[in-house]
Number of protein chains: 2
Amino acid sequence: MNLKQLSLELGLSQTTVSRALNGFPEVSEATRNRVQLAADRHQYSPSTRAKGLATGKALAIGHVIPVSTKHETMNPIFGDFIAGAGETYSRNGYEMLLSIVDDQSEDDVYRALKARRSVDGVVVHGPRMDDPRIALLNEIGLPFVVHGRASGVTVPYSWVDVNNRRAFNRAADFLIDLGHRRIGLINGLEGMDFAHRRRNGYMDTLTANGIAADPALLRSGEMTEEFGYTSTRDMLALRDRPTALMTSSMILAMGTRRAIEEAGLTIGRDVSVITHDDELSYLRNGGDVPIFTATRSSVRDAGRRLAEMLLADIANPFSQPQTELLEAELMVGQSTGPAPHL
Amino acid sequence: MNLKQLSLELGLSQTTVSRALNGFPEVSEATRNRVQLAADRHQYSPSTRAKGLATGKALAIGHVIPVSTKHETMNPIFGDFIAGAGETYSRNGYEMLLSIVDDQSEDDVYRALKARRSVDGVVVHGPRMDDPRIALLNEIGLPFVVHGRASGVTVPYSWVDVNNRRAFNRAADFLIDLGHRRIGLINGLEGMDFAHRRRNGYMDTLTANGIAADPALLRSGEMTEEFGYTSTRDMLALRDRPTALMTSSMILAMGTRRAIEEAGLTIGRDVSVITHDDELSYLRNGGDVPIFTATRSSVRDAGRRLAEMLLADIANPFSQPQTELLEAELMVGQSTGPAPHL
DNA sequence: CAAAGTGACGTAAACGATTTCGTATATGAA
DNA sequence: TTCATATACGAAATCGTTTACGTCACTTTG
């Protein structure tokens with residue numbers, strides 16, 4: 001059923017039917033009802049493509065997900081993030097277009113999205129330091145919001161981020177207050193902006209407390225369970241092993257736990273662990289009492305907020321870049337305790 | 001840059017330019033090259049919306065991801081699956097449209113996708129037994145392929161699935177050969193078709209070996225780490241506790257490991273564990289020697305294969321439903337061993 | 001009472017491609 | 001020379017909407 005057929009059946013012009021359905025004032029309430037009823041009966045919805053052509057809007061948002069070519073790893077937070085964003089989109093009549101792309105050819109994807117006018121805006125995932133995508137998107141004039149930030153980029157742009165630095169400040173402080181001095185960090189890939197900020201938060205707090213950072217206690221890599229495991233195993237094998245570990249994700253923390261237990265140690269007693277927790281739906285950190293002490297911030301909420309910002313940005317093209325910094329909550333769980341006397 | 005501008009600049013008609021770019025024979029090689037060059041120079045790509053309108057094809061595939069309203073849980077395999085499917089799409093010039101939808105209003109989403117002509121076909125995720133979506137999609141005439149199958153649905157339809165039954169047959173057989181008689185199963189939600197098949201595979205093998213299934217050793221629920229943990233903890237607390245456990249996902253297995261270790265037992269010695277492994281990129285099951293003995297099947301490959309089938313289906317509307325059954329590999333790892341003498 | 005609104009609807013031109021017919025020129029055959 | 005046949009290109013319709021202008025019949029208003 002299309003507009004022409006519907007209008008023919010109603011004995012009205014396409015114009016009137018269109019106006020009736022889109023809530024324009026110049027149509028009487030009587031006919032509007034009549035039109036609405038007929039539309040419902042035939043399950044008429046305007047063709048997105050035709051509508052898009054006519055209005056010049058795509059009514060769609062693009063998400064470009066980079067997949068590292070080296071490891072083929074896809075960030076597990078991404079599912080929950082788009083679940084959040086998706087809610088906002090469907091509530092506003094937008095669709096979500098997904099492009100999975102290896103990090104080599106990202107530029108082309110953005111250009112293509114613009115050239116083909118497939119989307120009204122895009123979400124930038126996984127920003128790296130000095131991320132070139134921000135300049136690119138500004139250049140080609142495609143509205144965007146970044147999930148995270150890009151240190152080193154000086155032009156203003158819109159973003160939603162967790163206060164990673166503060167979160168890792170607090171986590172480190174918490175451990176130091178418990179008497180820990182040998183604190184390791186198992187982080188995401190260097191180059192990823194969030195990893196950079198977390199590392200800074202960690203380092204600053206150590207030095208502020210007169211603790212010299214030990215390079216042997218600092219690892220960064222793809223955030224897989226295996227990486228958490230091997231990193232922890234290696235650190236525990238040191239003659240001067242850490243009494244506490246901080247990890248950048250729950251998945252890493254699971255690997256950490258495996259290594260700790262394999263070494264015959266007890267988590268929370270021999271080795272304390274604090275992780276960052278994105279509140280992934282399938283990785284809930286326990287019920288009332290968290291399993292891991294964690295800096296917690298819902299990535300799903302971030303998705304919701306970011307989508308709202310982007311839609312607002314698109315609705316008002318002359319708006320200034322918006323930013324939102326989400327604070328992570330420190331949840332004390334069962335994985336931390338006073339530093340042991342070695 | 002659009003077709004009109006491009007053709008004006010070239011001094012050709014829109015017809016010729018369009019034909020040149022789409023590889024039609026009735027255009028000389030000389031002009032074709034000239035057109036191609038100009039198009040490249042201006043980075044011209046046809047507007048998807050206009051093209052879609054003119055051709056009647058959307059050049060897009062819809063993925064409708066159900067999110068359980070109760071637990072807001074999103075299946076973690078979904079990221080890797082669409083990564084696989086996405087490869088196929090972009091190689092064929094298709095886009096991927098994502099709808100995250102609570103399992104209440106799924107029907108409306110499919111109808112809307114059809115009515116608005118947003119997609120040429122859809123992928124059905126997470127089929128349940130007697131899944132009503134298959135009948136619905138047949139009724140509204142939207143091409144589709146199911147990731148998994150729906151027991152109880154008698155009409156033919158296209159699907160790609162893992163041989164879940166066989167996989168769990170083999171896993172159970174393997175454990176029985178090691179001398180285990182008390183074998184537990186921690187499964188996905190009843191009602192999910194894959195869980196049903198895995199349960200059948202498990203049960204059949206037990207009874208075929210003269211082992212009576214104990215309801216206390218059978219749990220099903222949302223496949224979170226926590227569910228794996230609590231299920232295992234409860235089973236280990238039984239006076240007649242299991243010596244082996246089978247789990248339906250790596251995430252469940254991580255919870256299982258936590259419970260086993262918390263109980264002071266050793267995995268692979270006191271309690272053997274076999275899990276199904278979808279080869280999620282961030283949850284690799286170890287390197288050379290797998291951590292968990294596992295029935296392994298790449299969900300990413302499944303995504304690739306399924307996308308190919310769907311595109312073929314769309315290209316040839318009169319084709320018969322295609323099906324593909326992927327066999328899981330049994331990988332022997334460090335989590336299984338001979339049954340202990342209790 | 002004439003002019004000016006205004007309420008309710010219609011005509012037709014976009015939007016940016018593809019595609020169905022034509023058409024003009026060159027080539028070969030009769 | 002004339003007719004048929006390619007070859008290379010163009011005019012205009014089409015896809016399904018929205019929307020800038022009209023139009024026409026009634027009120028209001030001065």
Quick one: does any side-chain atom of [X] pair with a main-chain N or O of [Y] as donor and acceptor, under 3.5 Å?
{"X": "A:R117", "Y": "A:A115", "result": "yes"}
{"X": "A:Y157", "Y": "A:A150", "result": "yes"}
{"X": "A:D131", "Y": "A:R128", "result": "yes"}

Can you tell me how the ring of A:H125 sits relative to the ring of A:F81, calling it parallel under 30°, perpendicular over 60° and tilted otherwise? perpendicular
Check the distance between [N]'s [atom2] and [X]'s [atom1] and give it to me in whole angstrom.
{"X": "B:L8", "N": "C:dG16", "atom1": "CG", "atom2": "C1'", "result": "14 Å"}
{"X": "B:E26", "N": "D:dT5", "atom1": "CD", "atom2": "P", "result": "19 Å"}
{"X": "A:K51", "N": "D:dT18", "atom1": "NZ", "atom2": "C1'", "result": "9 Å"}
{"X": "A:L3", "N": "D:dG16", "atom1": "CG", "atom2": "P", "result": "10 Å"}
{"X": "A:Y44", "N": "D:dG16", "atom1": "OH", "atom2": "C1'", "result": "7 Å"}
{"X": "A:K4", "N": "C:dG10", "atom1": "NZ", "atom2": "P", "result": "16 Å"}
{"X": "B:Q14", "N": "C:dT20", "atom1": "CD", "atom2": "C1'", "result": "15 Å"}
{"X": "A:L6", "N": "D:dT17", "atom1": "CG", "atom2": "C1'", "result": "13 Å"}

Any idea which of [options] is nearest the [X] side chain?
{"X": "A:A50", "options": "C:dC9, D:dG16, D:dC9", "answer": "D:dG16"}
{"X": "A:L53", "options": "C:dT19, D:dC9, C:dG16", "answer": "C:dG16"}
{"X": "A:S47", "options": "D:dG10, C:dG16, D:dG16", "answer": "D:dG16"}

Under 4.0 Å between a side-chain N/O of [X] and OP1 or OP2 of [N], yes or no?
{"X": "A:N22", "N": "D:dT18", "value": "yes"}
{"X": "B:S28", "N": "D:dC9", "value": "yes"}
{"X": "B:R117", "N": "D:dT17", "value": "yes"}

Does A:R49 reach a base, just sugar-phosphate, or nothing at all? Heavy atoms under 4.0 Å.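 The answer is nothing, as A:R49 stays clear of every strand by at least 4.0 Å.
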Looking at [X] and [N], is any side-chain donor or acceptor paired with a base atom of the opposite kind under 3.5 Å?
{"X": "B:R116", "N": "D:dG16", "answer": "no"}
{"X": "B:T31", "N": "D:dA8", "answer": "no"}
{"X": "B:T15", "N": "C:dT18", "answer": "no"}
{"X": "B:S18", "N": "C:dT19", "answer": "no"}

Taking the nucleotide of DNA chain C with the closest heavy atom to each, which residue, A:T16 or B:S45, is nearer the 5' end? A:T16
Want to settle it: does B:S13 or A:F24 sit nearer the 5' end of DNA chain D, counting the closest nucleotide to each? B:S13
Using the benzene-type ring in the case of Trp, are the ring centres of A:F78 and A:H63 under 6.0 Å apart?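 No, the ring of A:F78 stays outside the 6.0 Å limit from the ring of A:H63, centre to centre.
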Rounded to the nearest 0.5 Å, what separates atom CD in B:E279 from atom CD1 in B:I77?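 Going from the CD atom of B:E279 to the CD1 atom of B:I77 covers 12.5 Å.
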